Amino acid sequence: MAKRGKRKTPHAVRARRRQKGLVERMKRLMHFQLIIPLLRSKHAPEYTARGVALGFAIGITPTAGLQLILCGLIWVVSRKLFKRDFNVLLAMAWTWNSNTFTIPPIYFLCYLTGQIMLGHWSDAIGYHMFAMKFAPIFDLDLSWDSVGDVISFLFTDVFLVMMLGCIPWFALSYWACYRWTMRFMERYHLARDERAAARRAERRPAPPSTHASTRG
C-alpha cells in the first residue's frame, strides 16, 4: 500500500499562505514601482539605463539614509559638468536593493572586500563578529542629539573600510545593471514598434483589385 503523505497542520498551512502572500505582494510592489516606470519612459534606452544602473549601484554602498540625496547630487553634477543626463526618479526608485533585510549582508560584503583590498587578511572577521562591531550604530537614537555620534561613526575604520570595499561592487553593479536595462528597453521598444506597425497595417484599407471584371 502506498504511504500517505504527512498531513499539514492548520498552523503550517496558514504560515505557508502568509509566506506566499508576502512573496506575491513583493512581486507586485517591484512590478509597479520598478518595472512599470521603465515601460512608461519615453526617452532613449541610454537615458533610462543610466538612471537604473546608478540607483542600483548606489543601493549596494554603505550609505543608507543618504542614497536619495546622492542620486540627486550626482544628477546635478552629471548634467552641469559632463552634459550627461539620466532619469533621476528611476535612480532613486532603484535604490530598493538597500533595505532592512539586505543592509547587513551588503555592509559585511563591503567590509570584507575592503579588508582584502588593504591586505588585512587576518582582520577579515566573520559575520557574527562584524554584526557585533557594527551594532552600536543601530542603537543610536536618530535625532539632532545623536548627529555627532553618527558623524563620528562615518569616520571610523569600519565605515572607511566599507567605503573602500564597495568600489568594485559599485562598478560591477553599474555595468551589469546598465547592460540588462539596455537589452530590456531595446527589446521592449522593438516589440512596441512591431505592434504599432501591425495596428497600422490592420487599419490601412485594402488596395483595389487590378483585375477587370469580365462578362460571361
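A quick note: this is a predicted structure, and the numbers were derived from the prediction, not measured.
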Separation of T95 OG1 from N97 CG (nearest 0.5 Å):
7.0 Å
Hey, could you give me the SG/CD1 distance between C110 and I60, rounded to the nearest 0.5 Å?
5.5 Å
Tell me, do C71 and I58 make a side-chain contact under 4.5 Å, heavy atoms counted?
yes
Consider only side-chain heavy atoms of I, L, V, M, F, W and Y, link residues closer than 4.5 Å, and tell whether W175 and F86 are in one cluster.
yes
Can you name the nearest heavy-atom pair linking I103 to S98, along with the distance?
CG1-OG, 3.7 Å
Sidechain-backbone polar pair: N87 side chain, G51 backbone, donor-acceptor under 3.5 Å:
no
Do the ring planes of F170 and Y174 sit parallel (below 30°), tilted (30 to 60°) or perpendicular (above 60°)?
parallel
Looking only at heavy atoms, which two atoms of Y178 and E46 are closest? And how far apart?
OH-CG, 3.7 Å
Is there side-chain contact between T113 and C166, with heavy atoms separated by less than 4.5 Å?
no
Here the gap from F159 atom CZ to L164 atom CG, rounded to the nearest 0.5 Å, amounts to 12.0 Å
SG-CH2 distance between C177 and W94, expressed to the nearest 0.5 angstrom:
5.5 Å
Rounded to the nearest 0.5 Å, what's the gap from CG on L70 to CG on L54? Could you check?
9.0 Å
Of all the heavy-atom pairs spanning Q67 and T61, show the shortest one and how long it is.
NE2-O, 3.6 Å
Nearest 0.5 Å, what's the CE-OG1 distance between M163 and T63?
6.5 Å
Closest heavy-atom contact between V161 and Q115?
CG1-N, 3.6 Å
Taking S78 for the side chain and R84 for the main chain, is one N or O donor matched with an acceptor at less than 3.5 Å?
yes
Between P62 and M162, what is the shortest heavy-atom contact and its length?
CG-CB, 3.8 Å
W75 and D85: CA distance, side-chain angles, deciding distance, side-chain hydrogen bond (donor to acceptor under 3.5 Å, both in side chains) verdict
CA-CA 7 Å; W75 177 66; D85 201 1; 2.9 Å; yes
When clusters are formed by joining ILVMFWY residues with side-chain heavy atoms under 4.5 Å apart, either directly or through shared neighbours, do F108 and L172 land in the same one?
yes
